[in-house]
Chemist: 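Could you have a look at this structure, given as structure tokens, before my questions?
All values below were derived from every heavy atom in this structure, side-chain atoms included, with hydrogens, water molecules and symmetry-related copies excluded.
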Amino acid sequence: MGRALRTVVIGAGVGGLTAAALLLKAGHEVTVLEAHIYPGGSAGTFYHQKYRFDAAATLAGGFAPGGPHAKVAEILGLEWPIRAVDPAWIVHLPDGRVVTQWVDRSAWEDERKRLFPNTEHFWHLQERLAKISWDIASRPFPWPPQSPANWLTLARGLRPSTLPAIPYLARTMNSLPLGNDPLFRTFLDAQLLISAQTTTERAGALYGSAALDLPRRGVNHVLGGIGSLAKTLVEWIRANGGQVHFRQRVERIEVSGGRAKAVYTVQGARHRADFVLANVTPWKLNDLLGAEAPGALASELENLEPTWGAFTLYLGLEGAAIPEGLADHHQIIVDPARPLGEGNSVFLSLSDANDPLRAPPGRRAATLSTHTRVQTWWELYQAANKDGYFQRRSLYADRLVEAAARVVPDLRSAIHLCLPGTPVTFEYYTRRPMGMVGGFPQSSLFAARGPRVGFANLWLVGDSIFPGQSTAGVTLGALRVAAEVAAAGRRLTRHVHTATLANHEVTTHE
């Protein structure tokens with residue numbers, strides 16, 4: 001074409017940055033536009049009063065050989081700033097049982113047999129299904145298929161070992177032999193809520209089995225906070241000739257002739273594009289397309305329920321108040337009779353005591369979070385009198401601290417800094433509509449969302465597309481999108497080259 005293909009990426013989340021880096025490696029001219037002052041989005045790390053707090057995600061997996069982050073590191077030749085941890089996290093049940101999610105498989109087998117006797121039939125089936133799911137994910141797996149090429153790739157990825165998964169394609173975790181212990185089901189529900197955004201009643205059997213296996217696939221601390229993953233990608237992109245611009249909020253995607261032609265920012269910049277990757281939610285993409293949004297996208301949004309949001313507390317703690325030898329990550333379930341979320345299930349993440357970048361000397365950074373429905377927060381915030389919003393914020397803050405005090409008894413007296421974050425806060429900082437985080441519940445493989453949105457050169461990337469949440473999940477999605485865009489770029493180049501040759505022949509003949 002006489003020039004490199006131009007790819008513009010909207011949003012510097014891990015999914016968008018990964019796809020950007022892979023396409024830069026493939027020869028594209030890449031520009032990433034990010035509205036915020038730092039990268040990572042929901043997997044970002046912000047700095048406040050000498051602390052570095054993880055905005056939402058606090059643990060990272062997918063770095064073991066064959067994992068998505070490991071594949072990206074191999075392709076790009078980079079090193080991730082990570083340190084493996086074991087246990088992954090510890091679950092505190094309401095009856096006093098403490099379940100250690102060991103990474104080591106033999107230690108985990110001993111733990112579950114001790115705490116959940118008579119459930120080995122379930123675990124053996126879960127492990128078989130998880131093995132099949134992870135094996136499929138280790139190869140190109142463009143699910144859901146949205147083109148003949150996707151179907152061909154899927155067919156090539158199937159193996160005889162895949163066949164035992166077929167009976168479970170449409171089943172939920174609820175169909176597996178869960179046994180009669182109600183707290184065992186509560187334990188499973190809590191694990192699935194943080195890894196699949198739903199519980200045993202709705203989580204797909206294959207996805208849910210793989211999600212329960214996440215601790216055994218390896219979990220890592222990220223030096224400097226989880227945002228260092230995005231920072232590593234930004235540095236690689238810039239070092240290899242790509243561009244990443246912060247404080248550049250995109251306001252519109254220009255469409256002409258059925259293709260995205262350019263991206264406009266509120267600062268007045270226009271970025272021409274051969275391909276556009278939107279690291280945003282479908283709701284946000286619809287806003288950016290405006291009147292040019294495909295009818296199918298508008299219809300899809302009419303039937304989409306808002307996803308979960310998060311209520312989060314960012315705490316600066318006195319390090320001496322944290323019991324010596326305490327694991328850094330904990331999940332606390334308060335009342336088995338109440339639904340999970342809304343302060344009834346709380347995830348506590350403490351910064352690595354050996355990471356000097358996270359907190360001042362003698363202090364620790366901590367993130368407490370719980371799933372929450374976004375609508376109520378916005379109803380209270382948009383009311384004429386916002387007292388209800390602030391009262392609810394104080395109530396939730398107290399709930400989270402009370403739950404976490406089961407793990408750190410002196411937590412209240414150890415707090416030097418406390419910053420609350422609601423879905424309203426998340427929308428302001430991440431630009432995600434209504435502050436929704438975590439992606440769609442993985443309830444059915446047949447309801448999964450793919451990256452295509454109705455234009456030949458426009459893709460979604462991030463946690464809105466399968467397989468969804470987590471840095472590992474969005475990286476798997478980014479690997480798929482980057483491969484599809486690279487293939488589309490090769491087709492476009494061949495088409496232009498053929499047209500140029502034909503024109504040259506006509507001109508010569510004349």
Side-chain angles (χ1 to χ4, degrees), residues 57-70 80 82-135 137 173 176 178-179 181 183-196 200 203 207-222 226 322-333 345-355 367 404 406-408 470-473:
T58 58
L59 277 172
F63 297 91
H69 288 305
W80 300 111
I82 59 171
R83 179 180 68 81
V85 296
D86 193 6
W89 61 84
I90 295 176
V91 184
H92 303 258
L93 294 175
D95 66 349
R97 275 183 282 183
V98 177
V99 186
T100 303
Q101 284 273 25
W102 295 107
V103 174
D104 180 79
R105 288 190 178 274
S106 60
W108 168 240
E109 184 176 353
D110 291 341
E111 181 80 350
R112 75 197 191 203
K113 285 180 177 178
R114 180 176 65 85
L115 293 168
F116 301 119
N118 305 317
T119 62
E120 283 305 288
H121 181 37
F122 166 82
W123 290 115
H124 290 159
L125 178 57
Q126 174 267 325
E127 288 177 341
R128 288 202 304 274
L129 296 178
K131 183 178 180 180
I132 294 171
S133 299
W134 285 108
D135 180 55
M173 293 296 293
L176 304 188
L178 302 181
D181 181 353
L183 275 184
F184 176 61
R185 183 183 290 266
T186 298
F187 167 77
L188 294 180
D189 284 343
Q191 307 318 293
L192 291 169
L193 187 61
I194 61 174
S195 57
T200 52
Y207 190 100
S209 293
L212 291 177
D213 204 47
L214 285 172
R216 261 57 68 193
R217 295 283 159 174
V219 172
N220 298 268
H221 275 303
V222 183
I226 201 163
I322 298 171
E324 186 175 355
L326 184 72
D328 291 335
H329 303 280
H330 300 261
Q331 186 181 32
I332 306 105
I333 303 165
S345 54
V346 176
F347 203 87
L348 162 65
S349 285
L350 298 164
S351 64
D352 186 349
N354 297 314
D355 185 348
T367 301
R406 286 176 50 187
V407 178
V408 183
S470 81
T471 62

Chemist: What I'd like to find out is whether the side chain of Trp89 reaches to under 4.5 Å of the side chain of Pro215, using heavy atoms alone.
Modeler: yes
Chemist: So do the side chains of Tyr207 and Leu212 get within less than 4.5 Å of each other, counting heavy atoms only?
Modeler: no
Chemist: Go through Arg114 and Glu120 one step at a time and tell me if the salt bridge (charged side-chain N to carboxylate O under 4.0 Å, His left out) criterion holds.
Modeler: CA-CA 11 Å; Arg114 180 176 65 85; Glu120 283 305 288; over 6 Å; no
Chemist: Which heavy atom in Arg97 sits nearest to a heavy atom in Leu183, and how many Å separate them?
Modeler: NH2-CB, 3.5 Å
Chemist: Is the backbone N or O of Val222 less than 3.5 Å from a side-chain atom of Asn220, with the two atoms forming a donor-acceptor pair by type?
Modeler: no
Chemist: Indicate whether the side chain of His221 and that of Asp328 have a donor and an acceptor atom separated by less than 3.5 Å.
Modeler: yes
Chemist: Any side-chain heavy-atom pair from Asp213 and Lys131 closer than 4.5 angstrom?
Modeler: no
Chemist: Less than 4.5 Å apart, side chain to side chain, heavy atoms only: is that true for Arg216 and Trp108?
Modeler: yes
Chemist: Mind checking whether Leu348 and Ile332 have side chains closer than 4.5 Å, heavy atoms only?
Modeler: yes
Chemist: Check the angle between the aromatic planes of Phe116 and Phe187 and answer parallel, tilted or perpendicular using the 30° and 60° thresholds.
Modeler: tilted
Chemist: Between Gln191 and Gln101, is there a side-chain donor-acceptor contact under 3.5 Å, judged purely by atom types and distance?
Modeler: yes
Chemist: Examine distances only and state if a side-chain atom of Gln331 and a backbone atom of Phe347 form a donor-acceptor pair shorter than 3.5 Å.
Modeler: no
Chemist: Quick check: do Ile226 and Thr471 have side-chain heavy atoms less than 4.5 Å from each other?
Modeler: yes
Chemist: Using 30° and 60° as the class limits, which term best fits the ring planes of Phe184 and Trp123: parallel, tilted or perpendicular?
Modeler: perpendicular
